[in-house]
2 protein chains.
Amino acid sequence: MSVIAEKGYHATTMEDIAAKLLMTKGSVYYYFKDKESLVYESHKLLLEQSMEQLQNVLAEELTSVAKLRKAMVVHMENVITGRTDFFIGVKPDQVFEGEHLQEILHLRNQYSDCMNRLIQQGMEDGSFVQVDMKIVNYIILGAMNNAVIWYSPKGSKSIEELANSIADYLLKILL
Amino acid sequence: MSVIAEKGYHATTMEDIAAKLLMTKGSVYYYFKDKESLVYESHKLLLEQSMEQLQNVLAEELTSVAKLRKAMVVHMENVITGRTDFFIGVKPDQVFEGEHLQEILHLRNQYSDCMNRLIQQGMEDGSFVQVDMKIVNYIILGAMNNAVIWYSPKGSKSIEELANSIADYLLKILL
DNA sequence: TCTGATTTTGAATGTCAAGTCAAATTTCAA
DNA sequence: TTGAAATTTGACTTGACATTCAAAATCAGA
């Protein structure tokens, strides 16, 4: 459901979906009980397909490294082509408008630029290896921000421990 | 706004927010023009605070490595304590219910387990260093899934190139 | 072609949450 | 103590969807 990836679950109306399917709203209800079921079915299908692809990679005759690498590449392709909305994100433009949206994007960019500067400095003084800053930045912020999704206070690690170990792992990309 | 982090932007009603603030809806409207503005103001505040913290880290007398590391730890802490919903995520339980939710979580776990197996294998045959699988898994999937947010077909890299370089960077965590 | 079954349609209905507002309450300075 | 300004209240309005449904259209086999 690429529409949903675009606009987000709640902001996508059944009419949007119907339009995308070249149907009318009523017609969609002939096939799906309700909106939740529709999203469920398609999400499930995508997950299952990804799962199958992953299983195939697992079964290939490759070194561990090559295998994990391939799994990652396949996964990335699925994410980007929207075949798996593994995670149903909300983009700022689904929440903010006009002036406000600009300001939020601006602040995020500022923040991101600071992070870039940190990476840049490290590369210049030779502490870090040369990398594509933009991508590494996305990786680092992405990995960290995603913690909102999975963090649970029930885990055995304290926030501080968690933060430290994640920082250390991510640092390895640059060392 | 921790409520929003819990339930997601659209699913959080003004009454939820008001309740959290120990106010009534009408009261909230005395201070904020509308829902979008309310979320904007608080989001902006959080971003600005994070920005300031980051600037402070920038200004400290530390090696590049220590500086970036500290920036990451602070960021993680902000993300986890919900002080910065840098990214407004949607968790599966905000979309699916009951049976469906279980099935989606199950499929995601299966997928995640496969990835774990790949990491495990590599650690066992000595290709990878020893890591905390769970965390590294979150980092890897998190970094990748986040691409939905920032990927734009306008970029100079093809999907394949992008997927490959991200895979390579992430692999560094394990080598 | 006819006919029953499948599918589509779009108008009608119901619900829920955003946003409004006049009246009630609280605050506080003189 | 008093009254004007600030704040809070909760009932009310409104609009935007999700969902329903009876009627119309399409299809497929006899």
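Protein chains get the first letters and strands the later ones, always in sequence-line order, with residue 1 at the start of each.
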**Donor-acceptor side-chain pairing of S37(A) and D34(A) below 3.5 angstrom** = yes
**Message:** From C-beta outward on Y31(B), which listed nucleotide comes closest to its side chain: dT7(D), dT9(C), dA18(D)?
**Reply:** dT7(D)
**Prompt:** Between dG10(D), dA18(D), dT8(C), which one does the side chain of Y29(A) approach most closely?
**Reply:** dA18(D)
**Message:** Strictly below 4.0 Å: does T13(B) bring a side-chain N or O up to OP1 or OP2 of dA17(C)?
**Reply:** no
**Prompt:** Think Y30(B) has a side-chain N or O under 4.0 angstrom from the OP1 or OP2 of dT9(D)?
**Reply:** no
Starting at atom [atom1] of [X], determine the distance to atom [atom2] of [N], rounded to an integer number of angstrom.
{"X": "I17(A)", "N": "dC17(D)", "atom1": "CD1", "atom2": "P", "value": "12 Å"}
{"X": "D34(B)", "N": "dT13(D)", "atom1": "CG", "atom2": "P", "value": "22 Å"}
{"X": "M23(A)", "N": "dT26(D)", "atom1": "CE", "atom2": "C1'", "value": "14 Å"}
{"X": "L21(A)", "N": "dT9(C)", "atom1": "CG", "atom2": "P", "value": "12 Å"}
{"X": "K25(B)", "N": "dC21(C)", "atom1": "NZ", "atom2": "P", "value": "14 Å"}
{"X": "H10(A)", "N": "dC17(D)", "atom1": "NE2", "atom2": "P", "value": "13 Å"}
{"X": "K35(B)", "N": "dA16(D)", "atom1": "NZ", "atom2": "C1'", "value": "13 Å"}
{"X": "M14(B)", "N": "dT20(C)", "atom1": "CE", "atom2": "C1'", "value": "12 Å"}

**Message:** Under 4.5 Å between side-chain heavy atoms, counting indirect links through other Ile/Leu/Val/Met/Phe/Trp/Tyr residues: same cluster for I119(B) and L54(A) or not?
**Reply:** yes
**Item:** Among R69(A), K70(A), K67(A), the one residue meeting salt bridge (charged side-chain N to carboxylate O under 4.0 Å, His left out) with E60(A)
**Value:** K70(A)
**Complete:** Value for CD1 (I104(A)) from CG (L101(A)), rounded to nearest 0.5 Å, stands at 8.5 Å
**Asked** Between G26(A) and E15(A), which has a closest nucleotide on DNA chain D that is more 5'?
**Response** E15(A)
